[in-house]
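Below is one structure, written out as structure tokens, with a few remarks after it.
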Amino acid sequence: MTEKLLKIEDLRTYFSTEEGVVRAVDGISFDLEPGERRGVVGESGSGKSVTAMSIMRLIEPPAGEIVTGTIEFKGENLLELGEDEMQAIRGGKIAMIFQDPMTALNPVYTIGDQLVETIMLHQHVSKKDARGIAIKALEDVQIPNAPARLEDYPHQFSGGMRQRVMIAMGLSCNPDLLIADEPTTALDVTTQAQIMDLMLKLAEDRGTAVLLITHDLGVVAGFCDTIQVMYAGGIVEEGSVEDIFHNPQHPYTWGLLGSMTRLDGKHRARLHSIAGAPPSVIDLPVGCRFRPRCEFAIDICGRVLPAIRPIGEGDQSVACHRAEELDLKTLDVDVDHTKEVAS
Amino acid sequence: MLAYITRRLVYGLVTLLALSVIVFTLLQASGGGPLDRLKLNPRMQPFIQQLTEQWGLDQPVWKQYTTWLKNYVSVQEFAVHNAIPIIAIVGAAVATFLIVKFVRSQWTGTYLLGIWSVALYLALRNVTIRFNWGISFQGAGDVWDLVFSRTGATFRLGFTALAIALIIGIPLGIYQAIRQYSFFDQLGTIGAFLAFSTPIFIIGVGLQIVMALYLERWTGVKLFYVAGMNSPGYPDMSIVGKIADTAQHLTLPAISIALISLAGYARFQRASMLEVLHSDYLRTAKAKGLPRRKVVIKHALRNAMIPIVTLVSLDVAFMIGGAIITESIFGWPGVGRLYITAIGTVDYPVVMAIVMVIGIGIVVMNLVADILYGVMDPRVRYD
Amino acid sequence: MNTLWRSRKVTFMVLLIAFALVAAACSSANDDAGGTEETTTTTTAAPAEETTTTTKAPETTTTTEAPLQRPYGGEAIVGDAQEPPTLNGFVPGGDNFIVGIIGQTYAAGVYEIDGYTLELLPELVTELPTVANGGVVVNDDGTMTVKYTIRDEAVWEDGTPISGDDFQFTLDTIMDPDLPIGKSTYEDIIDSVAGPKTFEYTLAQPTVLYELLFGEILPKHAIEGTAFEADWNETRWVSNGPFKFESWAKGESVTVVRNDNYWKTDPETGQQLPYLDSITFKFIPESESLITAFKAREVDVIQPDPNTEVIETLQALEPDGARVEVLSGPVWEHLNFQFSDARFEMNANSCNEDYNMRLAVAQTVDKRVLTDEILAGQVEPLESFVDAFSPTLSQEAWAQYSVDNGAAAESYAKAVEATGKECSVTFSTTSNNDARVKMSELFVGMFEASGIPYTNELQDSSLFFGETLDNGQWDLGEWAWVGSPGLSGLVGIFDIWDPEAPPPDGGNYYRWGVEAEGAYSDEASARFAEVRDEMNATVDEGELLALINEGENIIADNLVIIPLYARLVTAAVWDDEVGGFKHNPTQAGHTWNVEFWYRTDI
């Protein structure tokens, strides 16, 4: 068995607010193989981004704190590293790109400045060489006339172009892991597809592992090898893309799939939505966190929090008491028994 | 850019014109006249009439205004005092024209350079900037001389206060933002609110009593003066003595002005810095692996300083008008104090002159602020 | 008199400037509120008032053992809230009090005012001309000639003797039609003759006002050929006083230095005057700061706003070596009635025309309460305006009225009956003077006790002195006049009741006897007009005294005004630093004997 690139165990990241302690990430564990592209899927507030920020160790005390857990990157526990060592990993070994390319670049410096800065930070090269690398990086993300555009400011680029710059910046130091936090959410559909294709190509070419955080299952389908579905700070289901899409084991995953717009028109007759709202991560319900919205909930769901456990023959795991007895794939999401949105 | 500046200047002129009309009208409407102090002497009546006619106070308000405006913008006074510069520049222009037209040779450039060097030298050497702003109604002579005899003192006090406010206020705000909600931050916040809510009068008088009066009683050494800009024996002092004397007089008024600006800058810088610290691009910078110091100094500071530029630029404009209250408290011979005296004696020409100087200062500093804004923020474009 | 006042006008202008700045700020901008504080001071003198006379009872001087010799050298620093707009006392702005205060150091004229006796003393002349000493002669043709003999030793700072030509030049300068100089009385001079050490002039008719003419003499040799109005605002011509002008740091201070050619010697020590090497006048507009500066010994002498709190603060410094002089001043406050129809704009039910109404007011207003409450009992109420000038001449003509609420109610009832109106009183004065505001508050209770309907309608001083007074738009008013020594001042004050001289040409703001404006005129006002005319036509002291007495009685018997009290004046000096100081409550001010000041610490 090859060494895991990333191995997270029982990670808990809590935030203290005036209303109480927010358990944003509450005991998750997962692994990432080198070169693996994993989708992290869930609604807003499910803990996806906090997971990413925890890996980058960008959770700012005193408000946020990683309470327990280990984040092993290439066998090294990131949580035990000093700030200096962590700085070498950020941007160098693990790069991150963000949701809104419009605001993620510093408006008062040229993109050349910002790229060269990153490159010189992690690679011991001269400014001139760093510039060469930057031009190459821009060319890699298919920005035309790259040498000239280095002198431009972020506001002189379109949204899609800016995200390309972000990707170029992220990949300029050949990281082992790229965390992409909703990289296409702010972009229009056509641009989204172009960016995802570009990322896929670059990641495949370089063998970069990617942690793609998104709420869009459609994006995941075309890009990822594996998926983990998060709900209220915990992972409710994980497995290969194929398994999850064809054989969802958790009612939440099943619901998410149902709410997905299929471009092939298979399910276009009706769009399904999951009734209710995600629970407050301050006042989590006892038992299964999805229970209040789950149409299959039974007595035990209200008492015992289901642990995640392997199911079936593959690598699929699920956190549901009734996973075996429910045969969700046979239920057509088009049927009428889905609950209406209660609001 | 040039078009932008021109347009802004035109707007500025219109604003100033409107300002002058409004202030002039309000001055007239506020009641009282410059000759009121003579009125209660029954033997002064013919004298009052004489002055009323001489100063045009019997004219309708609009006529008084147009007379004032005509004088204020008149270039005649300027021309009279600048015969040599004007002749030099016009002469050089004529010579340039003639040489270019008739004496083309390889020496043309040298000729022109020589002519313009002499002309500009003469012009700059002899230029006297002065306009006819009228005569003070309180008998204090030519208004231009009066106002500009006070600007030196006002600048000395204003720039010192500004320097103190900037040097302390900006780093304070930055530090508070970085250590948000720390003890120091809370202390700074309380201090700023105290500085804001204490009337400047109390601050000034308090500093005088504690720092000038009691400090001397306790220590037996005169460290600071209650009032004035220099001691009577100043001209005969040594260089060191002069510097010390200046500092002894300047410190207290400068602090009392700086305190409020300082609190303002600190609050503003803190807010602006906090906004930047929570911005996406700062997260990007951190995610790139930049050390915290570099994140703050390179990425946060430059952005957080942009709004401060406007604030400081306008403060500079306000400074031109002098610190009205502080100058009075500390007996500082500046423009603000002149302004108060002029209002008290209903000295229209002086009041108008000072209001307009401040107005011009604001228009110009606004423009400067905008241009600086553009220099600091590449997103700003002038069109 | 510099007062710390929360002037509505100043506040208004400060707001105005704030507004102006905001208006001028075209682009969005954060304006710093630093400029809009409300408290502030002004350096304006309270609209000042008229000159009048007096000879106050000589004060007994403390018998200190005078040293035979005074030390020479050293400086004194005089703190003042006001800065002169100009150093030229003749042109507009020169009427400011501080111009005269500084002027005492380098300007001399025919007379000076003795701070101990408050009498006029000869300065540049050998003696003051009077009818008795032959200096004043009423000619057969009804004109009057005055003759000065100039002291032999009197010279300008450059050694040039002071001559009759200088007097003539002074007269010519004042009468120059192109110069904005007050010409009153001087314009009645129909002839003049200048000699080397004499000067005489003839007035068209006898008038005692000659007394105060030629208070400052100009040096012909220094001024002739200059632009008098423009050239002498920031510097001085050659001095004929104990000091000479040295420098003026605008906004800060004026310094004068010893005039080595000063002609006077100290009669007590026989030493040449002055003793000090220099005097600096330091301008600190904020009265609070001025007092702090005095406490910190940054200034040696101050003449602060004489409120009781300040006086007590300063008196607390006496153990440390300070000395505070509190004197009854020349500024006398008075209640008065408007007689013209313009008063109905303020109060439609004004019954000022009825004597009983005025009597009711006199029987209602308790002056003793006012002096106790406003001046902490430091001064007696006035029973006549003459007291404020010359107690010896006063008949205490207002003593005939005493406070009696019952009698006041009866008088009021009579007035209501006689006029057929619901008579009431509306009181107006300046709202930015603490003492007057307090007075208005006290009046409320007093009038209520008499059962007279009463309202306060105070106004900002700029409005009150700027418009209300001119137009006669008040019912019951209150303000102050200022006195000055000499008979001429007392004669001059009668002008304010002259039925022939209402504003704008005269000073009879009350319009008493001015029939044209709806006021009543009767035998009393007609007789008063005659008395005033006679006063202005004689220089005989005996006749004048009789006329002054009659005039006082007419004003008192008719209750044209009600004198209230004289304001305090005060000055403080660090006695352990500066000796020879004596405050002078008249317009001469505390620098009147500046040549006698000396350092006590050298």
Side-chain angles (χ1 to χ4, degrees), chain A residues 49 52-53 55-60 62-63 83-111 113-123 151-156 162 165-166 169-170 172-173 175 178-181 186, chain B residues 1 174-186 269-270 272-310 369-383:
Chain A
S49 292
M53 298 297 274
I55 296 168
M56 293 297 282
R57 279 201 30 211
L58 288 175
I59 303 292
E60 297 266 341
E83 182 59 28
D84 287 353
E85 294 165 295
M86 195 59 217
Q87 275 164 15
I89 289 181
R90 281 192 208 119
K93 303 264 169 52
I94 308 176
M96 187 162 176
I97 59 178
F98 298 97
Q99 177 173 351
D100 191 353
M102 309 303 279
T103 56
L105 286 163
N106 195 327
V108 302
Y109 293 106
T110 62
I111 61 137
D113 279 346
Q114 299 184 55
L115 271 167
V116 167
E117 180 186 49
T118 318
I119 292 160
M120 289 182 70
L121 201 59
H122 296 289
Q123 303 175 36
E151 308 308 321
D152 284 347
Y153 287 94
H155 71 273
Q156 288 162 303
R162 272 189 240 185
V165 172
M166 285 299 292
M169 201 186 287
S172 61
C173 297
L178 177 70
I179 301 174
D181 188 356
Chain B
M1 182 78 169
I174 292 168
Y175 189 79
Q176 278 186 279
I178 294 171
R179 298 263 178 277
Q180 198 188 3
Y181 302 132
S182 65
F183 173 73
F184 187 84
D185 179 34
Q186 312 274 17
Q269 181 70 68
R270 179 182 181 273
S272 151
M273 191 72 185
L274 277 177
E275 196 186 313
V276 172
L277 285 178
H278 290 133
S279 68
D280 287 354
Y281 56 83
L282 225 68
R283 193 178 54 182
T284 307
K286 283 184 255 177
K288 271 157 53 165
L290 278 175
R292 191 180 168 84
R293 195 169 35 82
K294 206 161 180 200
V295 169
V296 170
I297 291 171
K298 185 175 174 189
H299 285 267
L301 211 50
R302 172 122 181 235
N303 283 284
M305 290 296 291
I306 295 170
I308 296 283
V309 169
T310 316
D370 281 358
I371 292 169
L372 278 179
Y373 216 106
V375 170
M376 293 187 70
D377 189 342
R379 285 168 294 184
V380 176
R381 301 182 63 184
Y382 303 103
D383 39 36

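Chain A is the first sequence line, chain B the second, and so forth, proteins listed ahead of strands; every chain is numbered from 1. Since the structure is predicted, the reported quantities are computational estimates derived from the model, not experimental observations.
A side-chain donor-acceptor contact under 3.5 Å links B:Ser272 to the backbone of B:Ala304. A donor-acceptor pair under 3.5 Å links the side-chain atoms of A:Gln114 to the main chain of A:Tyr109, judged by distance alone.
Counting heavy atoms of neighbouring residues, nucleotides and ligands inside a 6.0 Å radius, atom NZ of A:Lys93 does not exceed 12 of them.
Residue contact with chain A, scored on non-hydrogen atoms closer than 4.5 Å, is absent for B:Leu282. At a 4.5 Å heavy-atom cutoff, the contact between A:Met166 and chain B is made by side-chain atoms alone.
Using a 4.0 Å cut-off between charged side-chain N and carboxylate O, A:Glu83 and B:Arg292 make no salt bridge.
Contact tally against chain B (heavy-atom pairs below 4.5 Å) for A:Arg90, A:Met56, A:Gln156: the top residue is A:Arg90. With respect to chain A, the highest number of heavy-atom pairs below 4.5 Å among B:Ser279, B:Pro291, B:Ala285, B:Pro378 belongs to B:Pro378. By number of non-hydrogen pairs under 4.5 angstrom with chain B, the leading residue of A:Pro154, A:Gly170, A:Pro107, A:Gly91 is A:Pro107.
Of residues 176-184 of chain B, not one residue has a non-hydrogen atom less than 4.5 Å from any non-hydrogen atom of chain A.
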Enumerate donor-acceptor pairs with a distance under 3.5 Å from any side-chain N or O in residues 95-105 of chain A to protein atoms, sequence neighbours excluded.
| unit_1 | atom_1 | unit_2 | atom_2 | d |
| --- | --- | --- | --- | --- |
| A:Asp100 | OD1 | A:Met102 | N | 3.0 |
| A:Thr103 | OG1 | B:Asp280 | OD2 | 2.5 |

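In plain terms, the two heavy atoms of A:Thr110 and A:Glu151 that are nearest each other are CG2-O, 3.3 Å.
The structure places CE of A:Met169 at 9.0 Å from CD1 of A:Ile119, a figure rounded to the nearest 0.5 Å. To the nearest 0.5 Å, atoms CD1 (A:Ile179) and CG (A:Leu58) are separated by 9.0 Å.
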